[in-house]
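Here is the structure we will look at, set down as structure tokens.
The model shown is predicted, which means the values in this text are computed figures rather than measured ones. Numbering of residues begins at 1 and proceeds along the displayed sequence.
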Amino acid sequence: MNRIVILVSACLLLLPATLSGQTRSRTTSRRGASTKASTSVAGGTAEIRMAGATRVADQVKILTKFLYLLGGVARGIEQIDEAARKNEASPAALQQNDQNKATVNSSLRNVREGLDNLEVYFRGTAGLQSYYLKLAGSADGAARAEDLAAAGHFDQAGRTLLEVVNRLTDVLLIMR
């Protein structure tokens with residue numbers, strides 16, 4: 001009887017140490033490896049998404065500032081064009097008006113190029129390709145605005161750029 005009690009006691013004393021040792025070594029290596037891998041993947045994806053969102057936000061800031069300035073410039077251009085039709089504009093005003101038109105057209109070209117670069121960045125970056133579908137067409141909108149401005153329709157060009165800003169903010173909403 002004493003032998004059985006000693007044998008059972010010895011087994012009970014060794015059993016918890018053996019089980020905890022086995023459990024600890026199995027779960028530590030598996031959890032540690034998978035946690036580190038998933039954390040680095042999730043961290044990398046989050047960083048890529050944050051970088052993409054920052055680029056979109058930068059474009060929104062550029063566009064909204066441009067639209068704010070375009071409103072006043074477009075109004076002035078339209079007034080001088082109207083005065084020119086009535087032969088009431090001075091040569092200096094006409095020259096300044098031509099410079100303003102060239103500046104607006106150049107700025108629109110820069111905006112379009114920035115949006116082209118943004119689309120290329122999203123299309124070429126692995127973690128951002130799913131957002132590219134919503135972003136695609138932004139540069140085309142800027143190109144339409146550029147064409148409208150070249151034709152002298154500055155107000156309509158601004159409205160077209162507002163649609164581009166809406167598209168960009170939709171992308172930001174999806175990315176959050």
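What you find for R112 and A143 is that their closest heavy atoms are CD-CB, 3.6 Å. Nearest heavy-atom pair across T160 and G141 is CG2-O, 3.3 Å. Minimum interatomic distance between G76 and N97 (heavy atoms only, all atoms of both residues): O-OD1, 4.4 Å. Heavy-atom minimum distance, F154 versus A74: CB-CB, 3.7 Å. The nearest pair of heavy atoms linking G52 to L128 is CA-CD1, 3.9 Å. Of all heavy-atom pairs spanning L94 and A84, the tightest one is CD2-CB, 3.5 Å.
Side-chain contact check for Q96 and N100: at least one donor-acceptor pair (N or O, by modelled atom type) lies under 3.5 Å.
Interatomic distance, CG of L168 versus CG of L173, reported as 11.5 Å (0.5 Å rounding). A distance of 12.0 Å separates CG in L67 from CD1 in I62, rounded to the nearest 0.5 Å. Here the CG-CD distance, from N110 to E146, works out to 9.0 Å after rounding to the nearest 0.5 Å. With rounding to the nearest 0.5 angstrom, the CD atom of Q99 is 12.5 Å from the OG atom of S106.
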Exercise for the section: Take D155 and E78, measure what side chain to side chain contact (heavy atoms under 4.5 Å, CB included) needs, and give me the verdict at the end. Expected result: CA-CA 9 Å; D155 185 57; E78 289 172 358; 3.8 Å; yes
Problem - Worked verdict on E163 versus R144 for side chain to side chain contact (heavy atoms under 4.5 Å, CB included) - result: CA-CA 11 Å; E163 294 171 11; R144 280 193 312 274; 4.2 Å; yes
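Residues R159 and L148 form no side-chain contact, since every pair of their non-hydrogen atoms from C-beta on lies 4.5 Å or further apart. You'll find the side chain of L63 stays beyond 4.5 Å of the side chain of L162, heavy atoms only. Residues L115 and Q59 are in side-chain contact: their nearest non-hydrogen atoms beyond the backbone lie under 4.5 Å apart. The side-chain heavy atoms of L118 and D58, taken from C-beta on, include no pair separated by under 4.5 Å. Side-chain contact between T64 and V60: present, with at least one pair of heavy atoms (C-beta onward) separated by less than 4.5 Å. Inter-residue side-chain proximity for F122 and Q129 is flagged as unmet; no heavy-atom pair is nearer than 4.5 Å. Taking 4.5 Å as the limit, every side-chain heavy atom of V73 sits out of range of all side-chain heavy atoms of T103. L108 is listed as a side-chain neighbour of F66, based on a closest heavy-atom distance under 4.5 Å.
Ion pairing between R85 and E82 holds under the 4.0 Å rule for side-chain N and carboxylate O. Ion pairing of K101 with D81 is present here, as a side-chain N (NZ or NE/NH1/NH2) and a carboxylate O approach within less than 4.0 Å.
Under the 4.5 Å side-chain heavy-atom criterion for grouping Ile, Leu, Val, Met, Phe, Trp and Tyr, L69 is not connected to I77 through any hydrophobic cluster. When hydrophobic clusters are built by joining Ile, Leu, Val, Met, Phe, Trp and Tyr residues whose side-chain heavy atoms come closer than 4.5 Å, directly or via intermediates, M50 is not grouped with Y121. Under the 4.5 Å side-chain heavy-atom criterion for ILVMFWY residues, a single connected hydrophobic cluster contains both L135 and Y131.
Panel note: side chain R167, backbone K134; a donor-acceptor pair is recorded below 3.5 Å. In this structure a side-chain-to-backbone donor-acceptor pair under 3.5 Å is missing from E119 to Y132.
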